[in-house]
*Asks:* 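Okay, handing you the structure first.
Hydrogens, waters and symmetry mates play no part in the numbers below; they use all other heavy atoms, side chains included.
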Amino acid sequence: MRHVDPAIMIDMIEQRASKCERESYEQHLTDCRRCAAEYDSWWTFLSGLCPSSLTDAPTKLINECITIYRKPEPLPSRFQRASLLFDSFLQPLAVAGLRGTPAESRQVVLHTQVFDVHVKVSGKESDRRIMAQLLPLQPDTIVDGAQIQLHIPGCPAQVTRSNELGQFTFSGVPNGPLSFFIELSSSGSIVQFSVQGG
């Protein structure tokens, strides 16, 4: 007795066999236990490959779930915090004593939504000098005349303004962590950041 070829069994399961072929092979599968077992095995395997009969959740329910877990939009605020991009105390340069960068100076670069701030702190601990520059990220941002306040715990605040290039300087700065508040006169936005350590 000739057994049914597996390719034909697959065609029968996937309903690609003609009606005539199906009738002749179905009779054989009824009589032959071996072919019937193999057919059942193929049917079980191919059924597992079929696409799932699951349906999508209703659109209304999906939208309600999205609303529940949607991140709230930040409230508009005049205040921004700066993020640290570089600190020479944390990431020292490989070569010390580069021109314009004495080993005892500290370079810090901070980033805000409006501008980057490059800060250089040099001098002795009790008499430090701070030279900095605001570098606008958009050409229409005006950094001329920005008011900069420098706060050190236990000391009176120092105030200065930036020039047309965004540069500003503080001299005679005592030791301690530095807290800056920078207010742009053009937009009124205020940026706050601190430089900890020496």
Side-chain angles (χ1 to χ4, degrees), residues 59-198:
T59 305
K60 182 181 176 189
L61 182 60
I62 292 172
N63 290 337
E64 286 175 5
C65 291
I66 290 170
T67 303
I68 290 170
Y69 292 103
R70 180 174 287 140
K71 290 183 179 178
E73 302 255 339
L75 295 173
S77 172
R78 290 180 46 195
F79 290 89
Q80 297 179 37
R81 284 205 173 278
S83 57
L84 181 68
L85 294 179
F86 174 78
D87 186 341
S88 62
F89 273 22
L90 302 175
Q91 304 155 320
L93 296 171
V95 180
L98 293 173
R99 187 173 70 182
T101 312
E104 66 272 2
S105 71
R106 180 178 188 179
Q107 306 277 338
V108 179
V109 180
L110 300 120
H111 174 73
T112 74
Q113 296 173 356
V114 183
F115 50 77
D116 286 346
V117 187
H118 291 241
V119 180
K120 179 181 177 181
V121 182
S122 59
K124 302 199 184 298
E125 287 185 357
S126 58
D127 186 25
R128 295 179 296 177
R129 179 177 173 82
I130 297 172
M131 296 171 41
Q133 184 174 17
L134 309 176
L135 299 171
L137 301 177
Q138 299 295 328
D140 59 341
T141 302
I142 300 170
V143 292
D144 184 18
Q147 179 177 292
I148 299 97
Q149 293 183 30
L150 172 61
H151 296 269
I152 298 170
C155 301
Q158 296 185 39
V159 180
T160 189
R161 291 200 176 269
S162 61
N163 65 17
E164 65 276 0
L165 299 176
Q167 298 169 331
F168 60 92
T169 305
F170 289 103
S171 299
V173 178
N175 193 27
L178 311 170
S179 294
F180 293 87
F181 293 86
I182 301 174
E183 182 174 4
L184 294 182
S185 55
S186 57
S187 64
S189 61
I190 298 174
V191 175
Q192 175 189 355
F193 64 91
S194 297
V195 177
Q196 301 296 323

*Asks:* Quick one: are Phe170 and Ile148 in side-chain contact, heavy atoms under 4.5 Å?
*Replies:*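 They are in side-chain contact.
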*Asks:* Once you round to the nearest 0.5 Å, how far does CD of Gln167 lie from OG1 of Thr160?
*Replies:*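 These two atoms lie 11.5 Å from each other.
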*Asks:* Quick one: closest heavy-atom pair of Arg128 and Val121, and the distance?
*Replies:*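 That would be CD-CG1, 3.9 Å.
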*Asks:* Could you state the interatomic distance from OG (Ser83) to CD (Gln113), rounded to the nearest 0.5 Å?
*Replies:*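 That separation rounds to 9.5 Å.
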*Asks:* Mind checking whether Phe193 and Leu84 have side chains closer than 4.5 Å, heavy atoms only?
*Replies:*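 Counting from C-beta outward, Phe193 and Leu84 never come under 4.5 Å.
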*Asks:* Test Leu184 against Ile142 for side chain to side chain contact (heavy atoms under 4.5 Å, CB included), laying out the working first.
*Replies:* CA-CA 8 Å; Leu184 294 182; Ile142 300 170; over 6 Å; no
*Asks:* Just to verify, what does Gln158 make a side-chain hydrogen bond (donor to acceptor under 3.5 Å, both in side chains) with, not counting sequence neighbours?
*Replies:* none
*Asks:* Rounded to the nearest 0.5 Å, what's the gap from CZ on Phe181 to OG on Ser194? Could you check?
*Replies:*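 Answer for the CZ-OG pair, Phe181 versus Ser194, is 7.0 Å.
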*Asks:* Can you see which heavy atom on Pro177 is nearest to which on Pro153, and at what distance?
*Replies:* O-CD, 3.6 Å
*Asks:* Output all residues satisfying side-chain hydrogen bond (donor to acceptor under 3.5 Å, both in side chains) with Asp127, sequence neighbours left out; order by chain, then residue number.
*Replies:*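 Per chain and number, Asp127 pairs via side-chain hydrogen bond (donor to acceptor under 3.5 Å, both in side chains) with no residue.
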*Asks:* Please report, to 0.1 Å, the donor-acceptor pairs under 3.5 Å made by any side chain of residues 129-139, with sequence neighbours excluded.
*Replies:*
residue, atom, partner, partner atom, Å
Arg129, NH1, Ser171, OG, 3.1
Gln133, NE2, Leu165, O, 2.9

*Asks:* Within this structure, what is the CG-OG1 distance for the pair Asn163 and Thr169, rounded to the nearest 0.5 Å?
*Replies:* 8.0 Å
*Asks:* If you define the side chain from C-beta out and look only at heavy atoms, does anything of Gln147 sit under 4.5 Å from Gln149?
*Replies:*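 They are in side-chain contact.
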*Asks:* Applying side chain to side chain contact (heavy atoms under 4.5 Å, CB included), run through Val173 and Ile152 and close with a yes or a no.
*Replies:* CA-CA 9 Å; Val173 178; Ile152 298 170; 3.3 Å; yes
*Asks:* Is it the case that the side chain of Arg106 and the backbone of Val119 share a donor-acceptor pair, with hydrogens and angles ignored and the cut-off at 3.5 Å?
*Replies:*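 No; judged by distance alone, with no hydrogens or angles, the pair does not exist.
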*Asks:* Taking it one step at a time, do Phe180 and Val117 satisfy side chain to side chain contact (heavy atoms under 4.5 Å, CB included)?
*Replies:* CA-CA 11 Å; Phe180 293 87; Val117 187; over 6 Å; no
*Asks:* I need the minimum non-hydrogen distance between Ala82 and Leu110, along with the two atoms involved.
*Replies:*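 Answer, listing the atom of Ala82 first, then Leu110: CB-CB, 4.0 Å.
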*Asks:* Closest heavy-atom contact between Gly145 and Ser185?
*Replies:*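 Minimum heavy-atom contact is O-OG, 3.9 Å.
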*Asks:* Measuring from atom CD of Glu183 to atom CZ of Arg161, what distance do you get when rounded to the nearest 0.5 angstrom?
*Replies:*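 Output value for this atom pair is 8.0 Å.
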